[in-house]
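Notes follow the structure.
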Amino acid sequence: MNVNITKDGAKTLVTLSGRLDTTNADQFQTDITPLMEDSNPDIELDCTDMEYTSSQGLRLFLMLQKSVSSKGGSMVMTNMKPQVKEVFDITGFSNIIKIV
Amino acid sequence: MKKKFDPIEGRNAEIIESVMNCPEVEGLSEDLKFKIRLCVEEVEENILDYSGSTWVDVSVDGSTDVLKIVFQDGGVEFDPLSNPEPDINAPLEERKIGGLGIFLCKQMMDSLDYHFENGKNVFTMVKKLN
């Protein structure tokens, strides 16, 4: 799992690649913690190369979404692979996180 | 494939890859392998979090049309299938993460079974292959 975070003005782009699972969820949490400190977050998570997530990853996407929503910010996940999208659909996460 | 992992601590990746690379699994479709990887990780994570066992036995049996994966551990008796299902329609503020792993297994496998036998938790997953 590789996480690349870049800032473009007020917008934050998070590029995810590889598998997000129990072996790297703690590192991912560390990576995204600074994003939860933004006062007016505007975050895009580009999932083009994210191959997999387990419930360990879902937990962290939920945490980030809750943080963003509590500040009135916006968060969107883009270019999700169908198999990964299925995990979000089955768990109802597609209803609480914007996926385009 | 049948393998004992003792101790279990810190071997998440090794356990998952042992299943993914075994002959019964490695030739399956990418879609099936995605689901198998996810369910193996969720069950293993459940054992690590709740059973307290220091070891786990993992066996994989495959035929042309069915794959069966069995986990056995020596921890405290715990039926993960007895947990209440998560409310997947709850609004964001009320969403909880607990129980999602086994819920995903229920959706992605064709059958799950748990029983406690000879002091061991025995958890079985079956996936149809066609």
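Here is the naming used below: chain letters follow the sequence lines, and residue numbers restart at 1 for every chain.
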Inset, instruction - Please indicate whether Glu9(B) has more than 12 foreign heavy atoms, meaning atoms of other residues, nucleotides or ligands, lying under 6.0 Å from its CD. - result: no

Inset, instruction - Take Arg37(B) and Arg19(A) through the test side chain to side chain contact (heavy atoms under 4.5 Å, CB included) and record every step on the way to the result. - result: CA-CA 11 Å; Arg37(B) 175 182 287 278; Arg19(A) 284 197 291 264; 3.3 Å; yes

Legend entry - Those residues of residues 118-130 of chain B, ordered by number, that approach chain A below 4.5 Å (heavy atom to heavy atom): none

Legend entry - Heavy-atom contact with chain B under 4.5 Å, split by part of Ser69(A): side chain

Legend entry - Inter-chain contacts: residues 39-47 of chain B against chain A, heavy atoms under 4.5 Å: Glu41(B), Glu42(B), Glu45(B)

Legend entry - Shared hydrophobic cluster, Met1(A) / Met63(A) (ILVMFWY, side-chain heavy atoms < 4.5 Å): yes

Inset, instruction - Answer yes or no: does atom NZ of Lys68(B) have more than 12 heavy-atom neighbours from other residues, nucleotides or ligands under 6.0 Å? - result: no

Inset, instruction - Return the minimal non-hydrogen interatomic distance between Ile90(A) and Phe103(B), and the atom names on each side. - result: O-CE2, 3.4 Å

Legend entry - Side chain to side chain, Leu92(B) and Leu62(A), heavy atoms closer than 4.5 Å: yes

Legend entry - same_hphob_cluster(Met108(B), Leu28(B)) at 4.5 Å side-chain heavy-atom cutoff: no

Inset, instruction - Treating Ile, Leu, Val, Met, Phe, Trp and Tyr as nodes and any side-chain heavy-atom pair under 4.5 angstrom as an edge, say whether Leu67(B) and Ile16(B) lie in one connected cluster. - result: yes

Legend entry - Minimal non-hydrogen separation, Ile96(A) against Pro91(B), with atom names: CG2-C, 4.2 Å

Legend entry - Residues, nucleotides or ligands: over 12 heavy atoms within 6.0 Å of Tyr50(B) OH: no

Legend entry - Residues, nucleotides or ligands: over 12 heavy atoms within 6.0 Å of Lys98(A) NZ: no

Legend entry - Engaged part of Ser70(A) at the chain B interface, taking heavy atoms whose separation is under 4.5 Å: neither

Inset, instruction - Measure Thr22(A) against the heavy atoms of chain B and call it side chain, backbone, both or neither at under 4.5 Å. - result: both

Inset, instruction - Under 4.5 Å heavy-atom distance to chain B, tell me which part of Glu86(A) shows up: side chain, backbone, both or neither. - result: side chain

Inset, instruction - Could you pull out the closest heavy-atom pair between Tyr52(A) and Leu38(B), with the gap in Å? - result: OH-CA, 3.1 Å

Inset, instruction - Might you confirm whether atom CG of Asp65(B) has over 12 heavy atoms from other residues, nucleotides or ligands at distances under 6.0 Å? - result: yes

Inset, instruction - Could you state whether Phe28(A) and Leu13(A) fall into the same hydrophobic cluster, counting links through intermediate Ile, Leu, Val, Met, Phe, Trp or Tyr residues with side-chain heavy atoms under 4.5 angstrom apart? - result: no

Inset, instruction - Output the distance between atom CZ (Arg59(A)) and atom NZ (Lys96(B)), rounded to the nearest 0.5 Å. - result: 16.0 Å

Legend entry - Interatomic distance, Asn12(B) atom CG to Ser54(A) atom OG [nearest 0.5 angstrom]: 10.0 Å

Legend entry - Shared hydrophobic cluster for Val58(B) and Val70(B) (ILVMFWY, side-chain gaps under 4.5 Å): no

